[in-house]
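Let me begin by presenting the structure, written as structure tokens, before commenting on it.
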Amino acid sequence: MPSNETRETTAFRAGLDVVRAVEPRIAAAIEQELVDQRGSLKLIASENYASPAVLLAMGNWLTDKYAEGTIGHRFYAGCANVDTVEAVAAEHARELFGADHAYVQPHSGIDANLVAFWAVLAQRVESPALTNAGARQVNELSDEDWARLRRELGDQRLLGMSLDAGGHLTHGFRPNISGKMFDQRSYGTHPDTGLLDYDQVRAAAREFRPLILLAGYSAYPRLVNFAIMREIADEVGATLMVDMAHFAGLVAGKVLTGDFDPVPHAQIVTTTTHKSLRGPRGGMVLSSAELTEQVNRGCPMVLGGPLGHIMAAKAVALAEARQPGFASYARQIVDNARALADGLRRRGATVVTGGTDNHIVLLDVHGYGLTGRQAESALLDAGIVTNRNAIPRDPNGAWYTSGIRLGTPALTTRGLDTGELDEVAQLIVTVLEATISASGSKVRYTLDKRVTDEVSERAADLMAKHPLYPQIDLG
Ligand code: DSN
């Protein structure tokens, strides 16, 4: 190894050489993805950059092992090392979040939510189908009992945040199984302030009497008071479930504490591991001790076999999040988001709720005469990667939208500071002011190439100052 070559460079270069020998197009795509990610200004609120240690923990022979079941209780022989991996990841998760129980098998956020739904149903639903079968758990039912149970489950109720207020598809909406298995209703935000309206949540809960009150969001730029949500859930006999996929990194980094930390308040908490938590792509469930048995039945109830290599990477990421530096990272995410929101507002942009308390800034692009779809494409033309998103009571619906969702976890990992987020605000406004909607279209627009060239160049300069994976040089 040459003296200036890092361990990471050696590892990734050798790994790509091995892949290239079998399928060069895949090695080329992996290399190109690094080039693209290095050059783009990534403001997707749900994305981040995992560390080299996390990446390497995923690329190995743990993928070769089947291990359905749980730690020490598998449907296959020879799972000692997967047991170790799963136990270490769960231990880090419990310690990091102060949870009674952690289940690290879910492959995604959708899977984590599905595990949580079934755990609550298994715990709470007194089903004649269950009783008749003499079964303690739904996975002990006969086909006939299942048919009855399906009819009975149709009556179970879920109350979650509406999509246009920033809720998530898996919180009871039609394109997801949660919208089919539950009788669902939503709560929204206040029409004047754009803030979560706890009186409305309480009134909806009193009237609807849900089995599950679901809190959490993927496009809400403010805090949720989980102590109040638990009080509402208790009042109506609901289980409080929180999906913290977006803000798990802020909980881990102790930015969200007390009433704003979901773990002490909710009976069950789900998350992904790859957003602000900065781990591998995957999911996780944290629960109170009473739900341990039901949560552990996630596989094979609703999950395929656990992915040992991904659980290994989760363990590494969770260990990283327990280092003191992670708290500074989490604080910087929020400082950067505030700087971005302030910079946008100062330059005349409309920011939903007037600012942010977390990692998300939701920009209303109406004022520029654009749909979210046009704004998203125009920004991409200039090297700025965002995603369009509905805003509360969006007249353009969930496909074209009137908003752009921005998030700071990824740029903060690259080391940008508040002054540079202000510069990013300037770049965004420059593009949106120069973009002209084609008459009558929600998709087409014109944008002077001189603007895209200038903004792309400034974005590339900014990115060059903060190299991504500086320890990896593929030559
Ligand atoms: N896709 C994630 C997001 O962008 O928020 C959640 O599913």
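Counting starts at 1 for both ligands and their atoms, following the listed order.
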Quiz prompt | Q332 (side chain) donor-acceptor with T412 (main chain) under 3.5 angstrom | solution = no

Exercise. Ignoring hydrogens and angles, tell me if any N or O in the side chain of R414 forms a donor-acceptor pair with the backbone of R38 under 3.5 Å.
Key: yes

Quiz prompt | Short N-O contact, K465 and E420, less than 4.0 angstrom | solution = yes

Quiz item: Which heavy atom in A57 sits nearest to a heavy atom in N60, and how many Å separate them?
Solution: O-ND2, 2.6 Å

Quiz item: Under a strict 4.0 Å criterion on non-hydrogen atoms, which protein residues are in contact with ligand 1?
Solution: S46, H168, S218, H246, K275, R405

Practice problem: Supply the atom-to-atom distance N387 CG to S46 OG, rounded to the nearest 0.5 angstrom. | Solution: 6.0 Å

Exercise. Measure from the ring center of F117 to the ring center of F182 and say whether it is less than 6.0 Å.
Key: yes

